[in-house]
There are 2 protein chains.
Amino acid sequence: MTEATRRERLRADTERDIRATARALLVGQGRDAVTLRAIARELGITAPALYRYYDSREALLRAVCEDICADLDAELTPALRGVSAHDPLGRVFAVCRAFRRWALAHPQEFELVFASPEEESVGLGRRPAQDRFGGVFIHVIGHVLVAPEAFVPTTDEVPAELHDDLVAYRERLRESLAEAGIQVPNGLLELDGVYFILKWWVRLYGHIALEVFGRFPFPLRDAEPLFERMLTELAVESGFPTGTPATPEAPESR
Amino acid sequence: MTEATRRERLRADTERDIRATARALLVGQGRDAVTLRAIARELGITAPALYRYYDSREALLRAVCEDICADLDAELTPALRGVSAHDPLGRVFAVCRAFRRWALAHPQEFELVFASPEEESVGLGRRPAQDRFGGVFIHVIGHVLVAPEAFVPTTDEVPAELHDDLVAYRERLRESLAEAGIQVPNGLLELDGVYFILKWWVRLYGHIALEVFGRFPFPLRDAEPLFERMLTELAVESGFPTGTPATPEAPESR
DNA sequence: TCGCTCGGTGAACGGTGTTTACACAGTTGA
DNA sequence: TCAACTGTGTAAACACCGTTCACCGAGCGA
């Protein structure tokens, strides 16, 4: 297993230390404080040494982005464990609530990952942020979609202009779910469902970004009721059975 | 009227030139390119001279923010002129579409104003971004709320925890509308309506930010159908009469 | 053991925000 | 009219930044 030579292990350790230090600076003092020299200072080395590990500050920030997404993933996934697999709506709610909590607790990281203009993405390779979060979301949604009795999208027709995009995305969803070992019955993953994922994501992101950036049209003392209301409305619109109150799991009082 | 002395006029001119140059740099090369020295260079001045006009780079950026909001205001308001005052839903749609168009055409400005973490706002004075955009939105919403026959919010009860905040905001809305010369009949501005404004804003911002930042869970070729669908769904949920197709006003084909 | 790669250094270049001391035009007041 | 003052600009300097370059030494593989 440990194919790594001593050198490789040392290198991996330093790489991790660098990203961790960068992350700490980001959290503590914001994106602009993530400085090569500050990182080096913290690690007891000089700034040019960092170029042995990352091509540029920008590249390092990208790596930090990936770390953040991995952490987000690691925080969202266990949020599922607390909810029975037979309560799909409860699982979706749990993930949404966990995402909001994470964003409010890590505004700088949220901004870096979710509110920076699209990088040009030099050709091959998709943006990591999308894929990482997509991974988590897909994982959750996968469980929901596989439990057909729980998810009955209304039969609203989908906008015709969106059809091709949705079909393409459905294929990607199928692949991702297959990778995770989830087989999707053939007729199950309707375009309606894919379309609903989009709607959830728009509202989830909208609310959370507004709350993190303090950009509600007026200062809300507590946005949590608004968030909870949004979730239940989404659930109703999505055709979830309204019987289950979806186990609010004692949201810590802010 | 021209109480201003010669000096004051010159000063105002230079201030405008500075902000305009900063704005051009922002648009052309992003926020990090807005450099005191670059601005000074463009103006044929030295950097320290800028400190005669703004206390710091940060203060200048705030001023640029206000300029941007003023421009946004100036672009949204005339979007109303094209739509009859007797078509309130059409007016709301017009403003929403204009906001999206503006954001897509000015991503750097959008990011600066709407996707930066809340500034601490040193005590007095609210954040300008909020108030500026609020101003436009309020102006539009004002017309809608004053035409009661067009706006019939469902009688869903509002989350109890939101009640106090909504009441406070309703008061601010009343004041703002009164300033604009719009008298709101007493029983008209229900809490339901205020709550719906929040819902519109969450979805509008969510969609536009995701589109500008390229953070949809998969690459959409064209997000406009999704946007249009969202608007109509919002209209239905808000209790607007669905008869009027709300005059799509020939959206230019991207 | 020889040589080579890897990870580090220090110096340097050009850029940045910001402060300071200074100069000088234009306005203001006696 | 002439002095004082105010506003606007400058140059120099400080501390910091990303990045490049030449160098160097320890440790590893042959």
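Quick caveat: nothing in here was measured; it's all calculated off a predicted structure. Throughout, a chain's letter reflects where its sequence line sits, starting with A, and its residues are numbered from 1.
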task = Starting from the C-alpha separation in whole Å, work towards a yes-or-no answer on salt bridge (Lys or Arg N to Asp or Glu O under 4.0 Å) for E58(A) and R31(A).
result = CA-CA 11 Å; E58(A) 210 52 43; R31(A) 173 179 173 141; 3.6 Å; yes
L43(A) atom CG is separated from dG8(C) atom C1', nearest whole Å, by 13 Å
dist D165(B):CG -> L226(A):CG (nearest 0.5 Å) comes out at 9.5 Å
In this structure, OH of Y53(A) is separated from CD1 of I45(A) (nearest 0.5 Å) by 7.0 Å
(message) For the CG atom on D55(B), are there more than 12 heavy atoms of other groups (residues, nucleotides or ligands in this structure) within a distance under 6.0 Å?
(response) no
Would you tabulate the pairs of protein nitrogen or oxygen atoms and nucleotide nitrogen or oxygen atoms of nucleotides 25-28 of chain C closer than 3.5 angstrom?
| unit_1 | atom_1 | unit_2 | atom_2 | d |
| --- | --- | --- | --- | --- |
| dT27(C) | OP1 | R6(B) | NE | 3.1 |

Distance col, row I208(B):CD1 vs F99(B):CZ, nearest 0.5 angstrom, shows 5.0 Å
F227(B) meets the ring pair (Phe, Tyr, Trp, His ring centres under 6.0 Å) criterion, sequence neighbours left out, with H207(B)
So, with a heavy-atom separation below 4.0 Å from DNA chain C, the residues of residues 25-41 of chain B are T35(B), L36(B), R37(B), R41(B)
5'-most to 3'-most nt of DNA chain D touching chain B (<4.0 Å, heavy-atom partner on protein side) reads dT6(D) to dA13(D)
What verdict does the salt bridge (Lys or Arg N to Asp or Glu O under 4.0 Å) test give for R23(A) and D67(A), after you've listed the backbone C-alpha separation in whole Å, the side-chain angles of each residue and the deciding distance to 0.1 Å? CA-CA 9 Å; R23(A) 186 94 172 269; D67(A) 274 15; 5.1 Å; no
In numerical order, the residues of residues 45-59 of chain B whose heavy atoms come under 4.0 Å of DNA chain D are I45(B), T46(B), P48(B), A49(B), R52(B), Y53(B)
For the residue pair Y54(B) and R62(B), confirm or rule out a side-chain donor-acceptor distance under 3.5 Å. no
R52(A) meets the side-chain contact (heavy atoms from CB on, under 4.5 Å) criterion, sequence neighbours left out, with none
Can you tell if the side chain of L220(A) reaches within under 4.5 Å of the side chain of Y169(B), non-hydrogen atoms only? no
Q) Just checking, any donor-acceptor pair under 3.5 angstrom between side chains of D17(A) and T21(A)? A) no
Check: Angle class for the F114(A)/W102(A) ring planes (parallel below 30°, perpendicular above 60°, tilted otherwise)?
Finding: perpendicular
